[in-house]
4 protein chains.
Amino acid sequence: MSPRSSKQFDDIRKQKKKLIMETALELFAEQGFHATSVSQIAQKAGISKGLTYNYFESKDDILHEIIEEGFKSIYSNFDINHDGVLTDDEYIYFIRQSFRIISENRNFWKLYFTIMIQHNVANLFEGEYIEKTQPILTTLLDFIKAKGSSDPEADILAIGSMLKGAYLMVVTSSDFFPADKLENAIIDASFKIMQSHNKSKIKQS
Amino acid sequence: MSPRSSKQFDDIRKQKKKLIMETALELFAEQGFHATSVSQIAQKAGISKGLTYNYFESKDDILHEIIEEGFKSIYSNFDINHDGVLTDDEYIYFIRQSFRIISENRNFWKLYFTIMIQHNVANLFEGEYIEKTQPILTTLLDFIKAKGSSDPEADILAIGSMLKGAYLMVVTSSDFFPADKLENAIIDASFKIMQSHNKSKIKQS
Amino acid sequence: MSPRSSKQFDDIRKQKKKLIMETALELFAEQGFHATSVSQIAQKAGISKGLTYNYFESKDDILHEIIEEGFKSIYSNFDINHDGVLTDDEYIYFIRQSFRIISENRNFWKLYFTIMIQHNVANLFEGEYIEKTQPILTTLLDFIKAKGSSDPEADILAIGSMLKGAYLMVVTSSDFFPADKLENAIIDASFKIMQSHNKSKIKQS
Amino acid sequence: MSPRSSKQFDDIRKQKKKLIMETALELFAEQGFHATSVSQIAQKAGISKGLTYNYFESKDDILHEIIEEGFKSIYSNFDINHDGVLTDDEYIYFIRQSFRIISENRNFWKLYFTIMIQHNVANLFEGEYIEKTQPILTTLLDFIKAKGSSDPEADILAIGSMLKGAYLMVVTSSDFFPADKLENAIIDASFKIMQSHNKSKIKQS
DNA sequence: GATGAATGAGCGTTCATTCAT
DNA sequence: TATGAATGAACGCTCATTCAT
């Protein structure tokens, strides 16, 4: 067989694999992993049940590859090789971009949140997770400090929570959800949190 | 010998039902509803599989009763019959209390978040959900307005996101998570959001 | 305990047993034996599941006692101690009476036919069955002979089939079934069969 | 290797389906529908329990397909497109044929009678049943009238009962049953019933 | 005599996975 | 590469039966 046709076969394999993963992701996100059967995936993808096992070792394996692939593509979308401190516009761009990524991959993120709640995601991807996440957190912390925060650790907790909650809203939201309003509110609020020098209202409980 | 009195039977029933629900909640929270089998529940509860069906009509029924019971106990913990506007201390108390409720029922809230992600929870409990939630949101909105917010709708989105995200952190956190620090950070941040009169940093994208 | 109260207890036992058997018969006839649960019987009879086993050894036992009791009461309704040959009126009375017995106990006969189809009933009641049935058949055969039948064995087959079929119709019939018309048709036809001296129309196939 | 052709798959499916239906019919007839388990069917057919559900949606579905198939083959065996009135020989042929069909499919008819007793079979197959049965009854009624019956409605009741009873005997009979003798007796008797102009012996009760 | 909680075997059914073709 | 028939373990659930009270 010529190398050319070998390459063609390879392309077919890649396409089929992608097709199966995309179909599975849709169903996993809609119904959950355990409530989705391999038959369903195969049927929706228009292939035979048996063929699935030509591309994946098991149903679990499909899930793992989806998650792995998802993470890879997410982090490749963030350009975190940032030397200095973010400008305000860069920060805003980062937030906006993260919203865009999530709303464009709502299925993946539904799945991600579901898994995250059940298992500690950091454990799932061990070193890799921290390795990828750390630079983002560091950059964010530097930015908060630069804005004059009186308690950067607290602020990053608050802002991180706010982002997580907002992402969750986007993921679970219906089509009529005012995504823009939320996005702007989160951006504004994060500046308020970083910049404000108010004394804390609270006494330790 | 005479048969057990009806009170005795009633006591047994209540106790067993509680045992089954608690056991099921643990497993549902850990593994998810679909990944948990009735056999597992029965085994962990130390009873026979068949007995489960003496107390619940179906596996679905167990879930429904857990959620119903959970909602009942949550809302009974919030005293929302509030006429005027919250004081700062009342607001702080409300937030602290909500954190306490969630961290004391982490299993229930794990389950709740998981279900919420798959099916819009508002749909699940339709009328009741909105009926119970609305007064809380109204009270919160009034408080935000009273604090002089320049855009209460945006602020409630931001604060709501922040709470949701923080709750999610508490639910998924390990035992070593600095819950107090998070709690304080969220309270401080929410005041910053409401009080700050800064002009918006953002231009519409 | 006085003999009197002992007798009272005995009466209670008999009544309860009868109640259970009647309730079970209704359900067995409607739904079939296997599709009827002991719980159903107990519930419909207004007693506890456990009590059933105070009166019957098993679910099978209930069925057996119903059938035994049914047979006893059927044969006790036929006065077959008949020396000579039946008169026409006695024959007609016998047929009419058999229809009455069946339509008054449709539930029992439904059950009887169902069991008969699955198992050879003669086997179920071995000696007893033949012992009870034989005199009836002998009396009938004598009557047919006396009416001048040219082939009594054939005629008893035909008349026997006709009765069996008619009984089956009564048992499965709705409330609007013209039972009288059927009864009269069967009586008339049976006389035609016995009396007619026609040559056979048929050649052996 | 290339996969089986779709004709090969089709052949396998048809053969297996037939095997399952035949095995199930045997067991349903012997033990009744409810007393027969899917495991039993599979074991007797020499396949796995799960495979059954590759061919039938449910246990109920097996029953339905058996009955449907049975009815189809029965009615296709009667040539009822009969314009004029039957000759005597045609009538005899019709009766003999019906006996043959039933004794060749005793299992199906056992099942049929059992179901008929519990649920009015006309209800089960509603329209179709009446549509198929009506022409047979009409042809029979015309024949009875042509033979000079003084009360055709009564005679068809009597003959119908006789046939039903005789069929039931054939179905429940052991291998030693004198089927020929019964068949001839029924044919003779039916002519006697139709032709006889005797006055009725009976007075209304 | 009477209750119903409790058991355990078995039911109908589903499904991840294998394999001959 | 691709098919779908086939398997077997496990699922949710039912029910005849037992037993402490």
Side-chain angles (χ1 to χ4, degrees), chain A residues 9 12-13 16 34-43 47-62, chain B residues 1-6 8-13 15-16 34-42 46-62, chain C residues 9 12-13 16 34-43 47-62, chain D residues 1-6 8-13 15-16 34-42 46-62:
Chain A
F9 279 132
I12 291 175
R13 275 197 74 85
K16 274 271 152 71
H34 282 102
T36 301
S37 73
V38 174
S39 301
Q40 259 178 82
I41 298 169
Q43 191 165 23
I47 62 170
S48 72
K49 223 186 325 181
L51 191 56
T52 311
Y53 289 86
N54 210 319
Y55 292 96
F56 299 91
E57 282 182 6
S58 66
K59 192 185 160 193
D60 275 11
D61 189 34
I62 302 178
Chain B
M1 230 177 284
S2 55
R4 270 177 272 233
S5 72
S6 79
Q8 280 176 311
F9 277 130
D10 223 56
D11 286 350
I12 292 174
R13 284 196 75 82
Q15 212 177 321
K16 272 279 149 68
H34 281 108
T36 302
S37 74
V38 175
S39 302
Q40 264 177 75
I41 298 169
I47 61 171
S48 71
K49 205 182 359 171
L51 188 59
T52 312
Y53 291 87
N54 209 322
Y55 293 96
F56 298 91
E57 282 184 4
S58 65
K59 192 186 162 192
D60 273 18
D61 189 35
I62 303 178
Chain C
F9 278 133
I12 290 175
R13 276 196 74 85
K16 273 270 153 72
H34 282 102
T36 301
S37 73
V38 174
S39 301
Q40 259 177 82
I41 298 170
Q43 191 165 22
I47 61 170
S48 74
K49 223 184 328 179
L51 190 56
T52 311
Y53 289 86
N54 209 319
Y55 292 96
F56 298 92
E57 282 182 5
S58 66
K59 192 186 161 192
D60 274 10
D61 190 34
I62 302 178
Chain D
M1 229 175 285
S2 55
R4 270 177 271 235
S5 72
S6 78
Q8 280 175 311
F9 279 129
D10 223 56
D11 287 350
I12 291 174
R13 285 195 75 83
Q15 212 177 321
K16 272 278 148 69
H34 280 108
T36 302
S37 74
V38 175
S39 303
Q40 264 176 73
I41 298 170
I47 61 171
S48 71
K49 207 177 5 169
L51 188 58
T52 311
Y53 290 87
N54 209 323
Y55 293 96
F56 298 91
E57 283 184 2
S58 65
K59 192 186 161 191
D60 273 18
D61 189 34
I62 303 178

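F:dA2 is paired with E:dT21 under the criterion used here, namely a Watson-Crick or G-U wobble arrangement in which both key atom distances are under 3.5 Å. As the counterpart of F:dA10, E:dT13 is assigned, both hydrogen-bonding distances of the Watson-Crick or G-U wobble pattern falling under 3.5 Å.
Rounded to an integer number of Å, the gap from CD1 of D:I12 to C1' of E:dA20 is 9 Å. Rounded to an integer number of Å, the gap from C:I47 CD1 to E:dG4 P is 11 Å. Note: CG (D:D61) to P (E:dT14) measures 12 Å, nearest angstrom. Atom NZ in A:K16 sits roughly 10 Å away from atom P in F:dT1 (whole-Å rounding). What separates CZ of D:F56 from P of F:dA5 is a distance of 13 Å, to the nearest Å.
Residue D:F9 places its side chain closer to F:dG4 than to any other of E:dG1, F:dA2, F:dG4.
The nearest pair of heavy atoms linking D:H34 to C:H34 is CB-CB, 3.6 Å. Closest approach of B:D61 to B:F56, counting heavy atoms only: OD2-CA, 3.6 Å. The two residues D:A35 and D:Q40 make their nearest non-hydrogen contact at O-NE2, 3.7 Å. Across every non-hydrogen atom of B:T36 and B:K59, the tightest pair is O-NZ, 2.7 Å.
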B/S/- along nucleotides 11-18 of chain F (protein heavy atoms under 4.0 Å) is SBBB-SBB
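For the pair D:R13/D:N54, a side-chain contact is recorded, criterion being any heavy-atom separation below 4.5 Å from C-beta on.
Between A:N54 and F:dT1 there is a side-chain polar atom (N or O) within less than 4.0 angstrom of OP1 or OP2. OP1 or OP2 of F:dA2 has at least one side-chain nitrogen or oxygen of A:Y55 nearer than 4.0 Å.
The number of heavy atoms from other shown groups lying within 6.0 Å of CD (C:Q43) does not exceed 12.
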